[in-house]
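Quick notes on the structure that follows.
Order of the sequence lines sets the chain letters (A, B, ...), proteins ahead of strands, with each chain counted from 1.
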Amino acid sequence: MRWSRYYLFTTREVPADAEIVSHRLMIRAGMIRKEAAGIYSYLPFGWRSLQKLSAIVRREMDAAGAVELFMPVVHDAELWKESKRWQEYGKELLRIQDRHERDFCLGPTHEEVVTDIVRRDVRSYRQLPKNLYQIQVKFRDEIRPRFGLMRGREFIMKDAYSFDADQAGLDAAYDAMAQAYERIFEACQLDFSRVEADTGAIGGSSSHEFMVLADTGESEVVSCRECGYGANVERAETQPPAPPEVQKPAEMQEVATPACHTVAEVAELLGIGRERVVKTLLYDTPEGPAAALIRGDREVNPTKLANALDVPEVTLADETLVRKLSGAAVGFAGPIGLPDSVRLIADESVRGLTNFACGANKTDAHLTGVNLGRDVDLSEFHDFLLVTAGDACPRCGSELSLSRGIEVGHIFKLGTKYSERMGCTFADEQGQDQPMIMGCYGLGIGRTVAAAIEQNHDDNGIIWPLPLAPFSVLVLPLTNRDDAVVAAAEGLYEDLLAKGVDVLLDDRDERPGVKFNDADLVGIPVRVVVGSKSLADGKVELSLRRDGEKELVPVEGAVERLIELAAV
RNA sequence: CGGGGCGUAGCUCAGCCUGGUAGAGCGCACGGUUCGGGACCGUGAGGCCGGAGGUUCAAGUCCUCUCGCCCCGACCA
């Protein structure tokens, strides 16, 4: 491609709203253009990169036995009513009507459509398993789109759906997808990690996320260097912290703790460690109020708490509700004397505590010398501890560390949630109808490209991993006024094209400085500079964007050397 | 949805407080000088000051409404 005829316009300045480096660089390198909040055009240079990734994804999906199809963007509401998600999905589902005022929505994900397809075709266990995938536009009306392609409303995703006759089949399909994902992200040369994840609204029994590690990531990841355990912090477990020394039961007493609203203040006033205070957090849930008890030096993980309570979500009670339930100001709630309507649940960290302090459900008062069993009867213990760095790995006990990641893939074992609701069944060996067992496997195409830039850039611009680079080689003649330079550059360009190399020739009539800066910005991995001086010696200058080290080679052998450098 | 901010040239922004002829830099066009890391000089084109209403002799500027965008928070396959 000749730059002069291509559609690639770089900019020096960026809109002030571009916050993170991948967003800035994608705009400056002419890859994307914002059309509305969270909605982008993919300009030719950016689209090439998405196409490179898509090709890798297709290759690995096909190799893993998935079959490509293409489903609609606009979905009939009837399907979504069948799966009950017309009501459940909430405002992220963009609903529209046609001229006859029939309800439709823009597909945020395709379980409904794919299940509808499969239930019409597949009748027998003999026809299973099946795995269908597409690379398609999704629309989710996110509350707050941000960071360019990281969190858009309209975005491109690869989504695959597996259908199996039994759990073993699902397990195999899931493993095959997980391995395909590993190969895809390895092929993209990304530093990533596969972690356990919460299943969230999608439901199902098991789920993993693929995280590209980057400080700008929106997700927090817990990992163990020793045994390889990894999990989204929402899901992460740890071994319960060791309880403090067991003491002889003391008498329970009410003590005045004026204006002590936090555990730290209470602990200091009482002259005890925070681990001897029990924090009582009141939550509102769709099933009624709940009181969550946790050791004073630790924090609650709301996702784990919701799972432990078996409710879709929990919301920390506001001041009014706290007063109503505990009869006291915020900061003085305790497990003793709460109304019966409040469900009591304790984190494992509370087990084994002796002579602890807790709120007295009375403003400016706490109880001390409280003991389980004698003073308060707790029957429900669960793990809803928020893991922090340094906690013990649940598998091997080593120290866990915390890092940030960009969620580029998410795979789920769905089970029969959709097949049951939508009647997607098959006849088993006994001729009995059974719901198919499903899995779904998402991979953000645009987000992965953005993540690659987050991980591969410097102050001057993008440093493309070769497999995702829009072009592999940039031919950069320093001037258009020296016929020898032009001829040599044209020659290299034509030869590389003939060899099937993705090559861009910067034939613009620009000064060298402009060309060099643009070359760094757009980040093409292999560069060959053709200048009058070196050409007088019959040489051209090769370099890699990644390290910038220059190598002078004779013009004659340059093409072979370039092909070598551009080999993925 | 709560809190905060911003809409002026293609882009980045000043001008608004204190109403009185629409500005700068970059980019673009033309001419000249330059030419291995975003050159310089000159000339020029380019604006419904997001939209609607109001106050006023007069509104980019003040008031009301509205639309859009961004940030923080809650939320999230």
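- Distance noted for atom C1' between rA52(B) and rC67(B): 10 Å (whole Å).
- Look at CZ on Phe516(A): it is 10 Å from P on rG38(B), rounded to the nearest Å.
- Classified by interplanar angle (parallel below 30°, tilted 30° to 60°, perpendicular above 60°), the ring pair His23(A)/Tyr40(A) is perpendicular.
- Partner assigned to rG25(B) is rC11(B), using Watson-Crick or G-U wobble distances below 3.5 angstrom.
- Nucleotide rG31(B) forms a pair with rC41(B), judged by Watson-Crick or G-U wobble geometry with both contacts under 3.5 Å.
- Look at CD on Glu218(A): it is 10 Å from P on rC71(B), rounded to the nearest Å.
- The base of rG36(B) is paired with the side chain of Ser534(A) by a donor and an acceptor separated by under 3.5 Å.
- Along RNA chain B, the nucleotide closest to Gly442(A) and the one closest to Phe147(A) are compared, and the more 5′ of them pairs with Phe147(A).
- Pair assignment for rC49(B): none, as no Watson-Crick or G-U wobble contacts are both less than 3.5 Å.
- Note: CD1 (Ile27(A)) to C1' (rC70(B)) measures 12 Å, nearest angstrom.
- Judged by distance alone, with hydrogens and angles left aside, the side-chain atoms of Glu420(A) form no donor-acceptor pair with the main-chain N or O of Pro435(A) at under 3.5 Å.
- For the salt bridge (charged side-chain N to carboxylate O under 4.0 Å, His left out) with Arg421(A), the lone residue among Glu82(A), Glu112(A), Glu88(A) that qualifies is Glu88(A).
- The pairing partner recorded for rG2(B) is rC72(B), the criterion being a Watson-Crick or G-U wobble arrangement whose two distances lie under 3.5 angstrom.
- Pairs of residues two or more places apart, or lying in two chains, that qualify as side-chain hydrogen bond (donor to acceptor under 3.5 Å, both in side chains) and include a residue from residues 527-542 of chain A are Asp482(A)-Ser532(A), Asp520(A)-Arg527(A).
- In this entry rU55(B) has no Watson-Crick or G-U wobble partner, no candidate having both defining distances under 3.5 Å.
- Summarising the geometry, the separation between CG on Asp318(A) and C1' on rA74(B) is reported as 13 Å, rounded to the nearest angstrom.
- We find that CG of Asp198(A) is positioned 14 Å from C1' of rC75(B), with the value rounded to whole Å.
- The separation between Arg144(A) atom CZ and rA74(B) atom P is 10 Å, rounded to whole Å.
- In the set rC69(B), rG37(B), rG38(B), rG38(B) carries the atom at the smallest distance from any side-chain atom of Val514(A).
- rC16(B) is unpaired under the Watson-Crick or G-U wobble criterion, no partner having all donor-acceptor distances under 3.5 Å.
- Within a 6.0 Å sphere centred on NZ of Lys81(A), heavy atoms belonging to other residues, nucleotides or ligands number more than 12.
- Look at NZ on Lys34(A): it is 15 Å from P on rG7(B), rounded to the nearest Å.
- Each of Arg151(A) and Thr11(A) lies near RNA chain B, and the nucleotide nearest Thr11(A) is the one positioned closer to the 5' end.
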Protein-nucleotides 24-34 of chain B N/O pairs closer than 3.5 Å?
residue: rG25(B); atom: N2; partner: Glu13(A); partner atom: OE1; Å: 3.1
residue: rG27(B); atom: OP1; partner: Arg12(A); partner atom: NH2; Å: 3.3
residue: rU34(B); atom: O2; partner: Arg511(A); partner atom: NH1; Å: 2.7

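- Rounded to whole angstrom, the span from the NE2 atom of His23(A) across to the P atom of rC69(B) amounts to 13 Å.
- Between Asn232(A) and the options Glu220(A), Glu407(A), His410(A), Met211(A), a side chain to side chain contact (heavy atoms under 4.5 Å, CB included) holds for only Met211(A).
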